[in-house]
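It should be emphasised that the depicted structure is a prediction, and the values quoted were computed from it without experimental measurement. Quick note: residue numbers are just sequence positions, from 1.
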Amino acid sequence: MVLKPEEVTSIIKKELEKYKSRLRTESIGTVIQVGDTIARIYGLDDVMMGELVQFSDNVMGMVLNLEEDSVGVVIFGTDNPDKTIREGDIVKRTGKIVQVPCGEVLVGRVVNALGRPIDGKGQVNTQKFRPLESSAPNVVERQPVKEPLQTGIKAVDAMTPIGRGQRELIIGDRQTGKTAIAIDTIINQKGKDVYCIYCAIGQKLSSVVAVSETLKKYGAMDYTTIVSASSRASASLQYLAPYSATAMAEEFMYSGKHVLVIYDDLSKHAQAYRQLSLLLRRPPGREAYPGDIFYLHSRLLERAAKLNDKLGAGSITAIPIIETQAGDISSYIPTNVISITDGQIYLESDLFYAGLRPAINVGLSVSRVGGKAQSKIMRRVASKLRLDLAQYRELVTFTQFGTDLDKTTRAQLTRGERMVEVLKQVQYEPLPTAMQIIIIYAGTNGYLDDLPVNAVKKFESQLYKFIDKNYPQVQAEITRGNELDANLKNKLDKLIADFKKEFLVKH
């Protein structure tokens, strides 16, 4: 069929009418300086703070400094960015704020600060992503901390209790058992419907592997995610890691679930941020940290909360760890984090080397939530424990001078020695709350006073077996969280007296 000229003309006109010019604009910049995982970019006038930008070879970076004539970008995603990226390279905006994958697919996995798996178990397939930074829940969206988060550690649950939604700091010198308390707390969440996220910042890879293997051994990886930015990772990834862990936790919290996040440790996080800030030419302040270091940690830890019932009543409990130098808790970073958190568990080197583990200093450790994060029975049983131990430590110092002691002082020393022995606990053996209450009740009510100190631990371990075998109903009654009424008190007195007779006969 031959078309007439006018038909051809009308077809062309129709096609021309359909055509619309489409212009696509891209915001691009140029690298003017690069070094130490930091790039300075000229251009990108409309870029956002925290936005992802793309270099050549698909290397990504995050905007961390907005200046009048340039943009400061931290580079990640490559082992040696200084060789991959050169001056004059083109940089493109992505229009996206840095975000990480989240959801239940991450449970049981070991991922890096960007949420990419590093455990060799394949990719993480999820459509759920959350931005690294988000606003903390406001006052109206929260409710008071009132549910206990049991650590399984007698000294913590009795004297410095932690509640769901609380921020409790673990602080002390290196090698005093800070991580051990955190790992025991994770192990103790088994069967309690709490997701755990362990964020390792600046740790040796061998340490991260050891934690992973320990958690697997005790079945805790079934509800745990490890976010690792090891000591060989760049400062930018170490800076991002705790924010990534919190973003993953928020997905669970806003779904009405409970999450425990361990930041191990924020001292190294502060050092990584200091390194980035000084490279970005931000002015240093006290102890060479930039002025916004307080804001860095407060905007992280304020995201821990117990949401109100309307929002699902989920919670994030944050346990940051801070390393001190020679026990100095008055230096810059420790004082910052102490003022942000709701209390601290202070571990002392002298107690650790004296064999008292966990090496918790009763005088300097505190929980500002206190009894609200304890069951009614534990609150009643442990009410005098802190004061008794503090008095005991004072008396021990006093009696080193060889003074003659009266009967009351000797009784206090006897009780204190046995309570110190009771509070010693082996690592990786968290204790059910009911058992903690029974042994603390036995100690504070004088049932251990006539035992030799070296027999207390044997008495304790055999008491637990005796209860499991003969008095499971008492254990169940305590677990239900009833009041310590006269009836339950009589049962506890009878139980301990019965066992003590049996124990003294055998020993």
Side-chain angles (χ1 to χ4, degrees), residues 151-162 168-185 203 207 262 264-268 319-338 341 343-367 382 384-403 405 409-410 412-431 436 439-440 443-444 448 452-454 456-457 460:
T151 65
I153 300 166
K154 288 170 283 189
V156 176
D157 291 343
M159 294 184 291
T160 54
I162 301 171
E168 183 79 3
L169 171 66
I170 300 175
I171 186 167
D173 287 4
R174 66 188 302 271
Q175 299 295 323
T176 51
K178 299 185 298 296
T179 302
I181 288 179
I183 298 305
D184 280 2
T185 304
Q203 306 288 328
S207 301
I262 311 285
D264 191 6
D265 64 64
L266 290 188
S267 302
K268 294 188 178 70
I319 301 186
I321 294 174
I322 287 287
E323 185 180 294
T324 52
Q325 305 292 326
D328 182 14
I329 60 170
S330 63
S331 58
Y332 191 32
I333 299 303
T335 50
N336 269 358
V337 184
I338 285 171
T341 49
Q344 69 272 352
I345 298 166
Y346 178 65
L347 303 180
E348 196 173 331
S349 303
D350 292 345
L351 296 175
F352 185 84
Y353 297 132
L356 179 59
R357 299 174 188 179
I360 296 173
N361 180 313
V362 179
L364 292 174
S365 300
V366 64
S367 171
K384 286 176 61 188
L385 186 56
R386 176 190 289 276
L387 185 60
D388 287 348
L389 284 171
Q391 287 175 339
Y392 165 70
R393 297 216 191 285
E394 289 290 328
L395 285 173
V396 167
T397 309
F398 179 68
T399 54
Q400 286 175 341
F401 300 108
T403 319
L405 304 175
T409 306
R410 277 200 304 273
Q412 278 184 308
L413 283 168
T414 300
R415 176 75 54 84
E417 283 172 342
R418 279 138 191 86
M419 289 314 300
V420 164
E421 203 64 25
V422 162
L423 293 177
K424 290 181 182 176
Q425 198 162 336
V426 180
Q427 193 177 350
Y428 309 136
E429 290 184 13
L431 201 61
Q436 292 183 40
I439 191 63
I440 291 169
T444 53
L448 309 178
V453 175
N454 58 9
V456 170
K457 294 312 286 182
E460 182 185 350

Self-check item: Criterion side chain to side chain contact (heavy atoms under 4.5 Å, CB included) against Ile171, the qualifying member of Ile345, Ile338, Asn361
Solution: Ile338
Quiz item: CG/Leu389 to CE/Met419 distance, rounded to the nearest 0.5 angstrom?
Solution: 6.5 Å
Quiz item: Is Lys457 salt-bridged to Glu460, cutoff N-O under 4.0 Å?
Solution: yes
Quiz prompt | Rounded distance [0.5 Å steps], OG1 in Thr414 versus CD in Gln412 | solution = 10.0 Å
Exercise. Looking only at non-hydrogen atoms, find the nearest pair between Arg393 and Val362 and report the distance.
Key: NH2-CG2, 4.4 Å
Quiz item: Would a 4.5 Å heavy-atom cut-off, applied to side chains only, mark Val396 and Tyr392 as touching?
Solution: yes
Quiz item: Within a strict 4.5 Å, meaning less than it, do heavy atoms of the Ile319 and Ile181 side chains meet?
Solution: no
Practice problem: Would you sort out whether Leu448 and Glu421 count as a side chain to side chain contact (heavy atoms under 4.5 Å, CB included), showing the intermediate values? | Solution: CA-CA 10 Å; Leu448 309 178; Glu421 203 64 25; over 6 Å; no
Practice problem: Please report the closest heavy-atom contact between Glu168 and Val366, naming both atoms and the distance. | Solution: OE2-O, 3.0 Å
Quiz item: Are side-chain heavy atoms of Ile333 and Ile322 found at a separation under 4.5 Å?
Solution: yes
Exercise. Nearest 0.5 Å please: distance from the NZ atom of Lys178 over to the CZ atom of Phe352.
Key: 9.5 Å
Quiz prompt | Polar side-chain atom of Asp265 near backbone of Lys268 as donor-acceptor pair, under 3.5 Å | solution = yes
Self-check item: All ring-ring contact (aromatic ring centres under 6.0 Å, His included) counterparts of Tyr428, not counting sequence neighbours
Solution: Tyr218
Exercise. Mind checking the OG1-CD1 spacing from Thr151 to Ile170? Nearest 0.5 Å is all I need.
Key: 9.0 Å
Self-check item: Considering all heavy atoms, the nearest Ile360-Ser365 contact
Solution: CG2-OG, 3.5 Å
Self-check item: Residue pair Val453 / Arg418, side-chain heavy-atom distance below 4.5 Å
Solution: yes
Quiz item: At their closest point, which heavy atom of Thr444 faces which heavy atom of Arg415, and how far apart are they?
Solution: O-NH1, 3.1 Å
Quiz prompt | Nearest heavy atoms of Lys424 and Leu356, plus distance in Å | solution = CG-CD1, 3.6 Å
Exercise. State, with a plain yes or no, whether a side-chain heavy atom of Gln425 is found less than 4.5 Å away from one of Asp184.
Key: no
Quiz item: Does any N or O in the side chain of Gln344 come within less than 3.5 Å of the main-chain N or O of Leu364, such that one atom is a donor and the other an acceptor?
Solution: yes
Quiz item: Within the distance-only criterion (no hydrogens, no angle test), does the side chain of Gln427 pair as donor or acceptor with the backbone N or O of Arg357 below 3.5 angstrom?
Solution: no
Quiz item: Can you check whether Val422's main-chain N or O pairs, donor with acceptor, with Lys154's side chain at less than 3.5 Å?
Solution: yes
Quiz prompt | Distance, nearest 0.5 Å, that separates CD1 of Ile183 from CG of Asp264 | solution = 7.5 Å
Quiz prompt | Donor-acceptor contact present, side-chain Gln391 to main-chain Leu395, <3.5 Å | solution = no
Quiz item: Where do Ser367 and Pro161 come nearest, in terms of heavy atoms and distance?
Solution: OG-O, 2.8 Å
Self-check item: Interatomic spacing from CD1 in Ile153 to CD in Gln436 - rounded to 0.5 Å
Solution: 9.0 Å
